[in-house]
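Report on the structure given below.
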Amino acid sequence: MTPQTHLFCNGEIIYHPHFFTDSEASQLFSELEKDLPWQCDKIRIMGKEHFIPRLHAWLADPNIHYNYSGIDLKINPWTQQVLKLKTLAEDKSHWTFNSMLANYYRDGKDSNGWHADNEKELGRNPLIAMFSFGQIRRFSIRSNENHKNKLDFDLNNGSLIIMKGPLQHTSQHCLRKTKKKCDARISLTFRLTHPQ
Ligand SMILES: O=C(O)CCC(=O)C(=O)O
Ligand SMILES: [Fe+2]
C-alpha cells in the first residue's frame, strides 16, 4: 500500500498505516511484550526523583550507548525478531540503523512528553523509523517556531512512521496521555547512533 507523505518543517514524515496486518501486528506485540528486557527508570526533576511514565529498552550494537535526561540505558543485544524488523525498517527508509529504543506504554497515563530526537550522538538530520504495536495512540509533531503548526497521527497497530531530514532540529514530537480506555502500546524507534 502506498504510504502517506507529509512535508513538514523542512523535513518529511512518511506514514505506512498498515505495514503489517492486524493479526501479524498483534502477534508481534505479544512477542515483544514478553521478550524485550523492559526497564523502568527514574529521572530527577527539581531535585526530586520520578519514574518516567513508560518502560523502555535499548537494543544496540556493542558499545552503542544512549544517555538521555540523565538515564544511562543498559545495552541489550539484538533479538532475532528485532533484527528482522530492523531490516524491514532499513529497506523502507533506505538507511542503516545500529540501535533501537523500545517504549512500552502500559495505559493512557503513560506518555512521552514534547521532545526532539536531537541528542548529539544522533548527529545532523537523523532519520528515525518507528513501528507501533497494540493500542492506537495519538502521536503529534509541532513546529519549534509555531507550536500551533502541528500534525497528528493516530498510529495504528502494525504501522510504520519515518521522520527524516532536518525534522529533529525544526520540530518536536510527543505521545500524549489519554483519559480514554486504553490498552498497552509498544513502539520501536530505530536509530543510527554515533559512538562518542
Ligand atoms: O512512542 C512514541 O510514539 C514516541 C517515541 C519517541 O518519540 C522516542 O522514543 O523518542
Ligand atoms: Fe522521540
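Each ligand, and each atom within it, is numbered from 1 in the order the structure gives. Values below: every heavy atom of this structure, side chains too, minus hydrogens, waters and symmetry copies. Each residue takes its place number in the sequence, starting with 1.
Counting heavy atoms closer than 4.0 Å to ligand 1, residue D117 contributes side-chain atoms (C-beta onward) but none from N, CA, C or O. Residue-level proximity to ligand 1 for Q168 is absent, since no heavy atom of it falls below 4.0 angstrom. Contacts of R137 with ligand 1, taken as heavy-atom pairs under 4.0 Å, are absent altogether.
Within ligand 1, the atoms closer than 4.0 Å to a non-hydrogen atom of S187 are 1 (O), 2 (C), numbered from 1 in the order shown. Numbered from 1 in the order shown, with element, the atoms of ligand 1 that lie under 4.0 Å from a heavy atom of R185 read 1 (O), 2 (C), 3 (O). Near L101, with a cut-off below 4.0 Å to any heavy atom, the atoms of ligand 1 are 9 (O). In the vicinity of L175, heavy-atom distances shorter than 4.0 Å reach the ligand 1 atoms 3 (O). Set against the non-hydrogen atoms of F139, the atoms of ligand 1 under 4.0 Å away are 3 (O), 4 (C). Distances below 4.0 Å separate heavy atoms of H173 from the following atoms of ligand 1: 7 (O).
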Review point. Does the side chain to side chain contact (heavy atoms under 4.5 Å, CB included) test come out yes or no for L188 and L85, once each step is laid out?
Key: CA-CA 9 Å; L188 306 185; L85 294 168; 3.6 Å; yes
Review point. Would F131 and H16 count as a ring pair (Phe, Tyr, Trp, His ring centres under 6.0 Å) if you check the C-alpha gap in whole Å, the side-chain angles of each, and the deciding distance to 0.1 Å?
Key: CA-CA 9 Å; F131 288 110; H16 299 262; 9.2 Å; no
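The aromatic ring centres of H6 and F153 sit less than 6.0 Å apart. You'll find the ring centres of H56 and Y104 outside the 6.0 Å limit.
The single protein non-hydrogen atom nearest to atom 5 (C) of ligand 1 is N103 ND2, 3.5 Å, given as residue, atom name and distance.
Selection from R191, Q172, R176 by nearest heavy atom to atom 10 (O) of ligand 1 gives R191. Which of Y105, W114, Y104 comes nearest to atom 1 (O) of ligand 1 through a heavy atom is settled by distance: it is Y105.
Atoms NE2 of H173 and OD2 of D117, as seen from the Fe ion (ligand 2), are separated by an angle of 90°, to the nearest 10°.
Using a 4.0 Å cutoff on heavy atoms, H115 counts as a contact of ligand 1. For H56, the heavy-atom gap to ligand 1 stays at 4.0 angstrom or more.
In this structure, the side chain of N76 engages the main chain of W58 through a donor-acceptor pair within 3.5 Å. In this structure, the side chain of W38 does not engage the main chain of R54 through any donor-acceptor pair within 3.5 Å.
Using a cutoff of 4.0 Å between basic side-chain nitrogens and carboxylate oxygens, R191 and D117 are scored as salt-bridged.
Classification of the F133-F20 ring pair by plane angle, with boundaries at 30° and 60°, yields tilted.
Counting heavy atoms from C-beta outward, P37 and K74 have side chains that stay 4.5 Å or more apart.
Checking D152 against S140 by side-chain atom types alone, a donor-acceptor pair falls below 3.5 Å.
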